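Notes follow once the structure below has been shown.
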Amino acid sequence: MRNFLIGLVVGVLLVGLTMLVLVFAAVRFAGSYASRPANVSDGSTLVLDLSGEVPERLPAEIPIPILQSQTALSLQQVWDTFRRAATDSRIRGILFEPHGLDIGWAKMEEIHDEIAQFKKSGKPVITYLRSPTAREYYLASATDKIFISPEDSLDLKGLRAESMYFKQTLDKLGVKAEVIHAGKYKDAGDIFTQTSMSPETREVLNAILDQYYGNLITTVAQGRKKQPDAVRALIDDGPFLARDALSDGLIDSLGYEDQAVAEMQSRLKQSDLKRITAKSYAKGAFASGGGRRIALIVGQGEITAGSGNETADDESFTATSFIKLLKQVENDSSIQGVIMRIDSPGGDAVASDNILHEVKNLSKKKPLVISMSDTAASGGYYVAVTGDPIIAYSNTLTGSIGVIFARFSLHGLYDKIGVDEQLLTRGRYADIDSAYVPLNDAERQKLTGQIDAFYRAFVSRVADGRKKPFDQIEALAQGRVWVGAQAKENGLVDQLGGLDRAIEVLKQRAHMSASERVTLVPYPGRRSVLDLLVNRADPTAEVRTRLEKILGKLPLQALSERGFLKVMPYSISVR
């Protein structure tokens, strides 16, 4: 019996070891296969199927075709795809098929401008739309010809901003949100403490709507060769049935995907269209690049302190992982310059300060340029004020220079569900962050003083970085969110533009010629299947994702940890 048990254990161990070796071998082989550049036939048409989110960071490398097809292209991959395809003699044109996009208006600017730049190559871009909204149509307006099926519709009807308030819900649950803020526009907690928009919130949201709507009208007018007033009048009549959109000159042809394909065949004089997907075309792109190496460091998502156990390629925007990333770039002698790309509403105040300190250290060693994506606000703006050039899109949400403290008192909820809690304290303010007892006047006064100190330090950091007087920055602060065009006028950013402009400015700072070839090296790099297997998934990620569907992309993790926050007042999704 004893020998049988020993044999059984040894057998199980051998099987387990064999399986582990096979998994490692398969992952290495699959990873090697996935990183090989795609085989592109002469006369190919690139099929760019964009849907859902377009993240800033490279997605994980999953070398399984059925799963790989569901992986989103990063913005850098989209940018690189347009750039390479324009000069690649094997690519004759692009069949563009956007649908169900969930991206901000700054990323829309970037992709629209990339289409316009690609068209200068003389290669055609044909669009086939499926139930398009303003987002898909905004991008399609830059292309040569727009198809939509005869029974479809164009959901182009203007823009709206919606804001939900949960105070009455929390009242019914017995939960009280306690929020202290510095800056009259720093209304991040209003959704929990108010029942309607404050005048300041209404002012800012109207300004954002005006910018987005004006940009939409101007962009469509240029693409469809119409006067802005005519486009404005058309939008007031939306949404449109496909036939109405055709008669109003908003689209070019009623047809199905095969008819869009036939249009491309006709233009290319081909009897059979040779297609290659953008995801296949993007394979191995960064490995095959040449020229001077420029690091593209991405800070994406809410800023948190982190646990200290994160690696440099961790997907979250934690101080611990991001600082490791910055040091990694700093110590890489092959990197000739750095673009720090930010897409963040902010978060933890101390974590933001730690990141800023390390970015300044990196800036002393290598030329640095800041490139803002959809959002670089509050802590996301704070980490950008290194004194280096800041490039933003006209539609970027930025600024929000302010600080809040937020906590939830659950005493009423506990009473409703029959929970009693007893506190024993030592020290006057020992229960200042308790979830059971509300803040008293002395505690509130102490927190207010600390928040004011954080706020003045925030304004001072911005004033130093922007090389402007404190009072001038303080007048622009107050927690107010600015769009990029306003931020440029107010001196909070230096130039308007995207990745191309950031590269141009970096070349100047690094004393490179304008025509010199460069390769953008993404940091963090692409994660492998092995990384996904070894690194434990965040068990709360799915919960936060579901809450974001209801509350928007608020910094829920930072709010749940309490403390002082440099965070944008609200999540903005204009539809």
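These numbers come from a predicted model, not from an experiment.
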In Å and rounded to the nearest 0.5 Å, what is the [atom1] to [atom2] distance from [X] to [Y]?
X: Lys360; Y: Leu368; atom1: NZ; atom2: CG; answer: 12.0 Å
X: Ile111; Y: Phe118; atom1: CD1; atom2: CZ; answer: 15.0 Å
X: Glu114; Y: Leu75; atom1: CD; atom2: CG; answer: 8.0 Å
X: Ile276; Y: Lys279; atom1: CD1; atom2: NZ; answer: 13.5 Å
X: Glu358; Y: Leu325; atom1: CD; atom2: CG; answer: 11.5 Å
X: Leu48; Y: Leu73; atom1: CG; atom2: CG; answer: 7.0 Å

Testing the 3.5 Å rule here: is there a donor-acceptor pair between the side chains of [X] and [Y]?
X: Gln77; Y: Tyr281; value: no
X: Ser321; Y: Thr318; value: yes
X: Lys186; Y: Ser400; value: yes

pair [X]-[Y]: side-chain heavy atoms closer than 4.5 Å:
X: Glu110; Y: Phe82; answer: no
X: Glu504; Y: Gln495; answer: no
X: Gln300; Y: Thr375; answer: no
X: Phe96; Y: Leu50; answer: yes
X: Trp105; Y: Leu397; answer: no
X: Met512; Y: Ile294; answer: yes
X: Leu362; Y: Ile297; answer: yes
X: Tyr455; Y: Gln478; answer: yes

- Message: Which residue in the set Asn361, Ile355, Val359, Asn354 passes side-chain contact (heavy atoms from CB on, under 4.5 Å) when paired with His357?
- Response: Asn361
State, to 0.1 Å, how close [X] and [Y] come at their nearest heavy-atom pair, and which atoms those are.
X: Glu53; Y: Ala72; value: O-CB, 3.6 Å
X: Ile390; Y: Tyr381; value: CD1-CE1, 4.4 Å
X: Ile303; Y: Gly380; value: CD1-N, 4.0 Å
X: Asp374; Y: Ile103; value: OD2-C, 4.3 Å
X: Leu46; Y: Ala85; value: CD2-CB, 4.2 Å
X: Gly189; Y: Val179; value: CA-CG2, 3.9 Å

- Message: Between Leu492 and Thr398, does the side chain to side chain contact (heavy atoms under 4.5 Å, CB included) criterion hold? Intermediate values first, please.
- Response: CA-CA 9 Å; Leu492 295 177; Thr398 189; 5.7 Å; no
Do any N or O atoms from the side chain of [X] and from the backbone of [Y] form a donor-acceptor pair under 3.5 angstrom?
X: Asn331; Y: Lys327; answer: yes
X: Arg293; Y: Val521; answer: no
X: Trp482; Y: Leu476; answer: yes
X: Ser378; Y: Ile401; answer: no
X: Lys507; Y: Glu516; answer: yes
X: Gln211; Y: Gln486; answer: no
X: Glu109; Y: Ser394; answer: yes

- Taking atom NZ of Lys488 as the centre, report whether more than 12 heavy atoms of other residues, nucleotides or ligands fall under 6.0 Å from it. no
For [X], what residues pass the side chain to side chain donor-acceptor pair (under 3.5 Å) criterion, not counting sequence neighbours?
X: Asn215; value: Tyr138, Asn395
X: Arg509; value: Asp388
X: Glu136; value: Thr133

- Query: Are Asp113 and Asp500 close enough, and set up right, to give a side chain to side chain contact (heavy atoms under 4.5 Å, CB included), and what steps lead you there?
  - Reply: CA-CA 10 Å; Asp113 291 349; Asp500 287 331; over 6 Å; no
- Message: Per the salt bridge (Lys or Arg N to Asp or Glu O under 4.0 Å) rule, what does the pair list look like for residues 329-347, sequence neighbours excluded?
- Response: Glu56-Arg341, Lys107-Asp343, Glu330-Lys365
- Message: As a quick check of understanding, evaluate side chain to side chain contact (heavy atoms under 4.5 Å, CB included) for His99 and Ser51, giving each step before the final call.
- Response: CA-CA 5 Å; His99 57 97; Ser51 63; 3.6 Å; yes
- Between Thr277 and Ser280, is a side chain to side chain donor-acceptor pair (under 3.5 Å) present by the stated rule, with each step listed? CA-CA 5 Å; Thr277 67; Ser280 296; 3.0 Å; yes
- Item | side chain to side chain contact (heavy atoms under 4.5 Å, CB included) between His112 and Ser141, intermediate numbers included | CA-CA 8 Å; His112 176 277; Ser141 67; 3.9 Å; yes
Donor-acceptor pairs under 3.5 angstrom involving side-chain atoms of residues 458-465: please list them, not counting sequence neighbours.
| unit_1 | atom_1 | unit_2 | atom_2 | d |
| --- | --- | --- | --- | --- |
| Ser460 | OG | Arg456 | O | 2.9 |
| Arg461 | NE | Asp353 | OD1 | 3.4 |
| Arg461 | NE | Tyr382 | OH | 3.3 |
| Arg461 | NH2 | Asp353 | OD1 | 3.3 |

- For Tyr393, enumerate each residue passing the ring pair (Phe, Tyr, Trp, His ring centres under 6.0 Å) test, keeping only those at least two apart in sequence or located in another chain. none
